[in-house]
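A short worksheet on the structure shown next.
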Amino acid sequence: MCPRLNGEVWRMAREIAKVYEPQQIEPRWAEFWVKEALFKADAGARGPVFSIVIPPPNVTGSLHIGHMLEHTEIDILTRWHRMRGYNTLFLPGTDHAGISTQRVVVKYLADQGINYQKLGREEFEKQVWKWKEEAGGQITEQMKGIGESCDWSRERFTLSPEMSRKVREVFVRLFEEGLIYRATRLVNWCPDCLTVLSDLEVVHEERQGHLWYIKYSVVGTNEFLTVATTRPETMLGDTAVAVHPEDERYKHLIGKKALLPLMNREIPIIADEMVDREFGTGAVKVTPAHDPNDFEVGKRHNLAEIDVMTDDAHMNANAGAYAGMDRFAARKKIVEDLKAQGLLEKITDHTNAIGLCERSKTVVEPRISTQWFCKMQNLAAPAIKAVEEYAPGKENTIYIIPDNRRTEYLNWMHNIRDWTISRQLWWGHRIPAWYCKENKHITVARETPAKCATCGSSNLEQDPDVLDTWFSSQLWPFSTLGWPEETVDFKKYYPTTLMVNGYDILFFWVARMIMMGLHFTGKVPFRTVYLHALVRTGSGEKMSKSKGTGLDPVALNQQYGTDAMRFCLASMAAPGTDIILSDDKLASSRNFANKIWNAARFLFVNLDKFEQTGAKLEDLARPEVRAKAPYAAGGKIPLVDAWLFARLAATIEMVNDALSNCRFHEAAQGVYQFFWGDFCDWYIEWVKPELQSADRERATVAWKNLFAAFDAALRLLHPLMPFLTEELWHQMPQAAGAKSIALDKFPEVTVQWRRRFFCVFNQAARRLRRIFLVWKKDAEPGPEQPTEKQLSGSSKFLDAAALESVALIQDLITAARNIRAELKLDPKRKVSADCFVQNPTARKLIQANEEPILRLAGLSEIRYSSSSLNSAGGVVRSTAVFDLRISFGEGIDREAEIARLSKEIDRLEKDIRSKQDRLADPEFIKKAPQHVVDNLRATMVERQLEQKKLKSQLEQRQGRQAVGT
RNA sequence: AGGCCCGUAGCUCAGUUGGUUAGAGCGCUACCUUGACACGGUAGAGGUCUGGGGUUCGAGUCCCCACGGGCCUACCA
């Protein structure tokens, strides 16, 4: 049951706290949204579709700041679409995160003195599942806590039995198509995780190392051949020395043998084009079992492959005397021994990029191993095409935002290499391949086979390995929606609308989803990819919990409020730039939330006074209030009301435009500016007296417009700040009004009463024609994509005249305040002012709005002058339209005034001159568009007028000063 | 090695196809505890857009070079 839903909704508001306390409010709504299943998608419902699947976070993880950003962005877009009447699905889920989770559990067990290998596979898997059941709820609970509007009934897990079937289906199909194969290759091996890694899981790091120059004696001569290596320990597995075939220095040695030091093994000296004559000595030791290049050379020259290490990177029996040593200890010892034997020519410094395991940061060891691979080139081709051929509206193409990531994607895809998909782990999707123990046949099947497909033997053993985590997550957009079955969800929500995630997993995940989506469904998995920024620390590093540089979003949400966090992240989320979060910024967003809260307080607190005028609150409770706003009094819309709604309309258009391009920072800035600047600072201040006007009609109109605008502002803000706006909206007369209307006239809606809440209000109450942009009557979306006009039909409220008129009045008020500040007038003291306005329309406008001008500027009266004002006896501010003077002599600081005037005149002078120059240039007149020329000319005239006024004021000031002295 | 991005006010950053006086938040200065809000109000100071060259009637915006910072991809021992 809604915490705020009762008969006296808005009355409760009057006891509202002075400072917004999100901690009191957020948990209530978070729980409510989930409990009432308000975000459950209805595949049968009408309306254009907006569907999004979450990038599944690690099941055993907890919410970090990167999730907070990503989930905020997704939720903003989801709520925004839902409120506009889209059939919206936001599908949540988690990833089993093979290697990452296994490491966590291995460590957990180790901390308890348990060796996971001794535990055995079956028991270990049980432990991980247990761990998953216990820890796995954390992140989803956190997601609920921050109010993500997911459809929890559709939650998925990448390692569920359901997903497993799909993974097998995909594996078998790819195998049958020849795209998955088994091969023996030199792979990246992590000696700590004890598994093979894909190229992407190897991170490179520049490190200061050495080049060791080692002398190999040439058999049968007294010559030495010196090779340079960065890894002396691998020499134990050398099976050749290679030189360039054209290298004159070594040509005579080709075909001879070299004696491998320490091992006393004779190895051939071969010629290969691969050798770079410029590097080192131009002679290379060849270790096919421990270097990718050497591996290739070995294949070409039919060299033996001697693996000198164990799987945990210790030297093995092949390493002779060094067997049993750690690879780095062995290196040290080998260098010492070489030195002792006089075979170490020299050591030089050398920086090179070494490969580290992404997870353990252990130095990756290239190692020969038999693994499963996925052939990528054919899969990549259509995925390249889909992105290359993108055009707005073009079917089956993908739009990548921001643009530069698109280039990155294409570059990588064009150079794609086969993907190592097997992992020597226990936690993951087991590879559906069975080996016949009798004749080594391989059977790949969807279901566990009873016998070998080839020879019929039942002596089978399943491949012990599991699949790379990304193998299952790459299926996510369609596996979660029911594929391979043509389910209702799949038909309705696939392809998904949008994929939002960090650019760091563009290749890991996004690229693979595109390939698999196209391959298995024939359709792109999503139409747009938005790659968001990464949240970094102050020093520019990626935030990391292990380094202690991470910010805990849960704690920060508690401190500042989730809405403040969301707003803060959104306001910094400009595409393409990373984010550095700070307390300052969070505090500023929290202040904004508090501002909204207090604006609401103002409305609610003053309702009493409105009631005292004899008006009925029910007048405000009708939804038409919104539909008809701005409301008119005496047949006329009050100027400032027209202005506010024009500003609102402009803001809405801006926000819609921004959000449709994932420009969250613009949307945030737009609503901030509107709410704080326009609504609070100007509008509320301006209409305060009118709300209590004796003129009942004017007062009613003021209240209606105030509530209508506030209601609209809340809707506009809702995607960004869902908790606060939900809380406040339920205290609005509109909430009660909307509910009562629904009850009266739309019984079929009342059946689903619980859907009448703000967050989903528009979706369920579409019949009421209330959508996000509520006062746009025709904005109800049809079955197809809403038209441009429907989504931004507010232009009829873009009252240009109102915007201009109020801008003029604001200038006048600001000018008066400016003079007051300069004169250091007591803010309470009201003073009279003189005003000259040449333009009769402008003058009439000012006279018609004298009350708010006097009040907001702190003036007692305005005396209209018939000629331009000089600064005699006071201080003047002038624009091209008006002169305003306040005469209150004693406070004038003449020197400062002269300085200010001179500075201003100089600035104008520079400006005028540059404009004159440009206008005098015939090329400019000829080539620049007419409106630019016209504009320039008009502004120049204005500036000249202003400058003239200032000059005369300056002269006078100086003159008076002269008289005074 | 190749590719990409960034360098705008003291700080953190906006600035969409080149076009009036380059914006915001924080910080700073002055005044104000005014019946929504001091997590507030009012007014203000403060950048010539890293440097140099070019294209253009016009450049923070496009091109080239240099300097400084960051990122990604890559099997040079």
Side-chain angles (χ1 to χ4, degrees), chain A residues 16 18-20 186 199 204 211 227-231 234 242 274-276 278-281 283-287 291-296 350 352-353 355 366 404-405 407-408 411-412 415 503-504 506-507 534 536 538 540 542 564 571-572 574 576-585 587-606 657 661 663 665-666 669 672-673 680-681 684-685 688 814 817-822 824-828 856 858 907-908 910-911 915 918 921-929 931-933 935-936 938-940 942-943:
Chain A
I16 193 167
K18 203 166 174 177
V19 171
Y20 175 51
L186 199 80
D199 294 339
H204 295 272
L211 259 184
V227 301
T229 179
T230 53
R231 304 192 51 203
T234 63
M274 163 280 269
V275 180
D276 175 358
E278 308 300 318
F279 189 90
T281 61
V284 190
K285 59 189 262 323
V286 181
T287 324
D291 181 275
N293 269 323
D294 295 3
F295 181 74
E296 296 302 321
H350 182 71
N352 58 340
N404 57 313
R405 301 291 166 196
T407 325
E408 222 168 78
N411 276 342
W412 189 78
N415 297 306
Y503 58 76
D504 52 338
L506 175 59
F507 307 139
L534 302 184
R536 296 187 182 278
K542 204 167 150 180
S571 66
M572 296 193 298
T577 32
D578 288 342
I579 290 175
I580 298 169
L581 202 60
S582 67
D583 281 331
D584 276 6
K585 290 170 185 164
S588 151
S589 297
R590 177 207 54 198
N591 295 354
F592 182 48
N594 192 53
K595 188 71 180 179
I596 298 166
W597 181 258
N598 274 292
R601 272 187 86 221
F602 171 80
L603 264 65
F604 298 143
V605 167
N606 284 285
D657 188 54
N661 292 298
R663 302 181 67 82
H665 67 300
E666 280 181 6
Q669 201 193 320
Y672 185 95
Q673 168 59 32
C680 293
D681 290 346
I684 288 184
E685 293 306 323
K688 268 178 180 173
T814 304
R817 287 166 170 173
N818 184 295
I819 299 172
R820 294 184 58 104
E822 183 172 321
K824 299 194 193 324
L825 290 180
D826 178 348
K828 286 185 209 92
L856 297 175
R907 210 201 61 199
L908 285 167
K910 251 167 86 182
D911 188 41
K915 287 185 169 58
R918 260 193 289 169
D921 182 352
E923 290 293 299
F924 173 69
I925 304 293
K926 204 165 70 193
K927 291 182 179 167
H931 75 273
V932 172
V933 179
N935 252 332
L936 194 70
T939 19
M940 190 191 67
E942 255 180 50
R943 298 279 179 280

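Naming: A, B, ... by sequence-line order, numbering from 1 per chain.
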B/U17 versus B/G25 - spacing of their P atoms, nearest Å: 24 Å
Inter-nucleotide C1' distance (B/G15, B/U8), Å rounded: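 Between the two C1' atoms, the distance is 9 Å.
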I'd like a list of close polar pairs between nucleotides 73-76 of chain B and the protein, N/O only, cut-off under 3.5 Å.
{"unit_1": "B/C75", "atom_1": "OP1", "unit_2": "A/R417", "atom_2": "NH1", "d": "2.8"}
{"unit_1": "B/C75", "atom_1": "OP1", "unit_2": "A/R417", "atom_2": "NH2", "d": "2.9"}
{"unit_1": "B/C75", "atom_1": "O2'", "unit_2": "A/N293", "atom_2": "ND2", "d": "3.3"}
{"unit_1": "B/C75", "atom_1": "O2", "unit_2": "A/N293", "atom_2": "OD1", "d": "2.3"}
{"unit_1": "B/C75", "atom_1": "O2", "unit_2": "A/N293", "atom_2": "ND2", "d": "2.8"}
{"unit_1": "B/C76", "atom_1": "O2", "unit_2": "A/D276", "atom_2": "OD2", "d": "3.4"}
{"unit_1": "B/C76", "atom_1": "N3", "unit_2": "A/D276", "atom_2": "OD2", "d": "3.0"}

Using a 4.0 Å heavy-atom cut-off across all strands, classify [X] as base, sugar-phosphate, or nothing.
X: A/K926; value: nothing
X: A/R817; value: sugar-phosphate
X: A/A587; value: nothing
X: A/P929; value: base
X: A/Q673; value: nothing

Check whether any side-chain nitrogen or oxygen of [X] sits under 4.0 Å from OP1 or OP2 of [N], and answer yes or no.
X: A/N606; N: B/G35; answer: no
X: A/T814; N: B/A43; answer: yes
X: A/K285; N: B/A77; answer: no

Pairs: protein N or O with nucleotides 8-14 of chain B N or O, under 3.5 Å:
{"unit_1": "B/U12", "atom_1": "O2'", "unit_2": "A/K585", "atom_2": "NZ", "d": "2.2"}
{"unit_1": "B/A14", "atom_1": "OP1", "unit_2": "A/T577", "atom_2": "OG1", "d": "2.3"}

[X] has a side chain; which of [options] sits nearest to it?
X: A/K915; options: B/G19, B/A36, B/U20; result: B/U20
X: A/N818; options: B/A36, B/G44, B/A77; result: B/G44
X: A/R590; options: B/A43, B/C39, B/A36; result: B/C39

A/K915/A/D911 salt bridge by N-O under 4.0 Å criterion: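 Here A/D911 pairs with A/K915 in a salt bridge, since their nearest N and O are under 4.0 Å apart.
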Identify the pairs formed between an N or O of the protein and an N or O of nucleotides 26-32 of chain B at a distance under 3.5 Å, and give each distance.
{"unit_1": "B/C26", "atom_1": "O2'", "unit_2": "A/D584", "atom_2": "OD2", "d": "2.8"}

Partner set under side-chain hydrogen bond (donor to acceptor under 3.5 Å, both in side chains) for A/R590, not counting sequence neighbours: none
Reported NZ-to-CH2 distance for the pair A/K18 and A/W597, which is rounded to 0.5 angstrom: 14.5 Å
Watson-Crick and G-U pairing of RNA chain B, under 3.5 Å, as dot-bracket with | and [ ]: (((((((..((((.....[...)))).(((((.......))))).....(((((..]....))))))))))))....
Any donor-acceptor pair under 3.5 Å from A/R820 side chain to A/D826 backbone: yes
Counterpart residues, ring-ring contact (aromatic ring centres under 6.0 Å, His included), relative to A/Y672 (two or more places apart): A/F592, A/W676
Length of the CG-P vector between A/N661 and B/U16, whole Å: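 The distance from CG of A/N661 to P of B/U16 comes to 13 Å, rounded to the nearest Å.
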